[in-house]
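Quantities reported herein were computed from a predicted structural model and do not represent experimental measurements.
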Amino acid sequence: STDFQIPIISVGNITVGGTGKTPHVEYLAGLLEGDYRVATLSRGYKRKTRDFRIASAGSTVAEIGDEPLQIKQRFPGLTVAVDRLRVHGVRNLMELSPPVELILLDDAYQHRSLKPGVSILLIDFTRPLDRDHLLPAGMLREPASNRHRAQVILVTKSPENLKPIEMREYVHRMGLSLGQHLYFTSIRYDRLVPVYPGVPAQDLEMLRTNPGTVLLVAGIASPRSLRRFAESVSGHTSEMFFSDHHRYTTRDLDRISERYRSLKEDGREVLVLTTEKDAVRLRELDPVPSLREAFHAIRISVHFLNDDKNEFDQQILNYVKSNKRSSLLYQGADQRDP
């Protein structure tokens, strides 16, 4: 493993499917970008390129992937980079001028060639590791015992009404190692954001007061929570789900337009709801004006249960402050493990 003399925080999982990596990376970016020059680094899943690239305002999904582009659009001042070789990517980031001060690694738990300072493991609350199995019998990429490599474990998508006794039982089943910290987080749906520029945003409370029909359009690993949110907005929903990271085509857009028109024939207003990750791919297409105005993405945010936000934040901030490049402990060349 290569050990770099710069704060590096890894966010990842050991299961296939969505555990909420991107929202948690965005949470960390929001926590740190005001005080440090932050960079994110991922492989850029399903992009058409293979080299090291830094996202710009004009980057496309084909160049850097949908999740890095989503992060760049939400945090324009952030340095967002992709590289299929993480060590190579970190070295390139450290040569930038002005230099980055810390790096967030997205989906890097399995990349043992690089040694992060803090490793954050995400676990879906509904898929506890102690009750799962290795692929193909289950959803685990590697043995559940490997959770002990992480300094921090975040149990994501937790119910907000989780009782303290249920938390204690979950923690007990995890069998934490000495020094490991575990926190429960949930996903909150904040507001609607137009997919296409120049479109006025819909108001959630107004929609709930005068519900129309919600058409869900998404290509994500687990649409369960999105479906629940749509049902909280309206009792009339319709769905068009695609594979995870689906690259939308004009033919897909024609199918969506046809479903949208058929739903409009019922006389109800139709909201076409998607995710922020899907939105960055859909923006590359040009729908008819009526569908363009109906298309909205739901903005999500991470919420810590049990008032643990301050403790988690302070743990991250203390690590970065004590390991930043200007620290006397972290001066000199990079040290590489034999």
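With respect to Ile8, the side chain to side chain contact (heavy atoms under 4.5 Å, CB included) criterion is satisfied by exactly one of Leu104, Val90, Leu102, Asp3: Val90. With Val11 as the partner, the side chain to side chain contact (heavy atoms under 4.5 Å, CB included) test is satisfied by one option alone out of Leu28, Thr22, Leu121, Thr19: Leu28. The one candidate from Arg247, His246, His245, Lys277 that meets the side chain to side chain donor-acceptor pair (under 3.5 Å) condition with Asp66 is His245.
Salt-bridge check for Arg292 with Asp286: passed, with a basic side-chain N closer than 4.0 Å to an acidic carboxylate O.
Gln314 and Tyr319 form no side-chain donor-acceptor contact under 3.5 Å, judged by distance and modelled atom types alone. Side-chain contact of Gln70 with Glu26: a donor-acceptor pair under 3.5 Å is present, judged by distance alone. Between the side chains of Thr49 and Arg47, a donor-acceptor pair is found at a separation under 3.5 Å. Side-chain contact of Asp252 with Thr249: a donor-acceptor pair under 3.5 Å is present, judged by distance alone. Remark: the Thr40 side chain and the Asp106 side chain contain no N/O donor-acceptor pair separated by less than 3.5 Å. A donor atom on one side chain and an acceptor atom on the other are found under 3.5 Å apart for Tyr248 and Asp278. No donor-acceptor contact under 3.5 angstrom links the side chains of Thr15 and Arg141, judged on distance only. For the 3.5 Å distance criterion, the side chains of Ser186 and His303 fail to qualify, holding no donor opposite an acceptor. Residues Thr274 and His296 have side chains that never bring a donor and an acceptor to within less than 3.5 angstrom of each other.
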Stepwise side-chain contact (heavy atoms from CB on, under 4.5 Å) check, Thr2 with Lys115: CA-CA 6 Å; Thr2 302; Lys115 186 178 179 181; over 6 Å; no
Worked verdict on Ser232 versus Arg208 for side-chain contact (heavy atoms from CB on, under 4.5 Å): CA-CA 8 Å; Ser232 75; Arg208 290 190 170 108; 3.4 Å; yes
From CA spacing to verdict: side-chain contact (heavy atoms from CB on, under 4.5 Å), Thr156, Ile187: CA-CA 8 Å; Thr156 68; Ile187 295 294; over 6 Å; no
Residue pair Arg259, Ser238: steps toward the side-chain hydrogen bond (donor to acceptor under 3.5 Å, both in side chains) verdict: CA-CA 9 Å; Arg259 178 75 67 87; Ser238 183; 2.8 Å; yes
Verdict with reasoning, Ile153 to His181, per side-chain contact (heavy atoms from CB on, under 4.5 Å): CA-CA 6 Å; Ile153 296 176; His181 300 266; over 6 Å; no
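One N or O on the side chain of Tyr109 and one on the backbone of Ala150 form a donor-acceptor pair closer than 3.5 Å. Between the side chain of Arg86 and the backbone N or O of Leu105 there is no donor-acceptor pair closer than 3.5 Å. Side chain of Arg127 to backbone of Asp132: no donor-acceptor contact under 3.5 angstrom is found.
Because its NZ or CZ atom is not both nearer than 6.0 Å to the ring centre of Tyr196 and within 45° of the ring axis, Arg283 does not count as a cation-pi partner of that residue.
Taken together through direct or relayed side-chain contacts under 4.5 Å among Ile, Leu, Val, Met, Phe, Trp and Tyr, Val270 and Leu282 form part of one hydrophobic cluster. When hydrophobic clusters are built by joining Ile, Leu, Val, Met, Phe, Trp and Tyr residues whose side-chain heavy atoms come closer than 4.5 Å, directly or via intermediates, Val25 is not grouped with Ile64. Hydrophobic clustering (side-chain heavy atoms under 4.5 Å, transitive across Ile, Leu, Val, Met, Phe, Trp, Tyr) keeps Leu134 apart from Val16. Cluster annotation: Tyr27 is connected to Ile316 through the hydrophobic network of ILVMFWY side chains, with a link wherever side-chain heavy atoms come within less than 4.5 Å. Cluster annotation: Ile220 is not connected to Phe125 through the hydrophobic network of ILVMFWY side chains, with a link wherever side-chain heavy atoms come within less than 4.5 Å.
Less than 6.0 angstrom separates the ring centroid of Phe304 from the ring centroid of Phe312.
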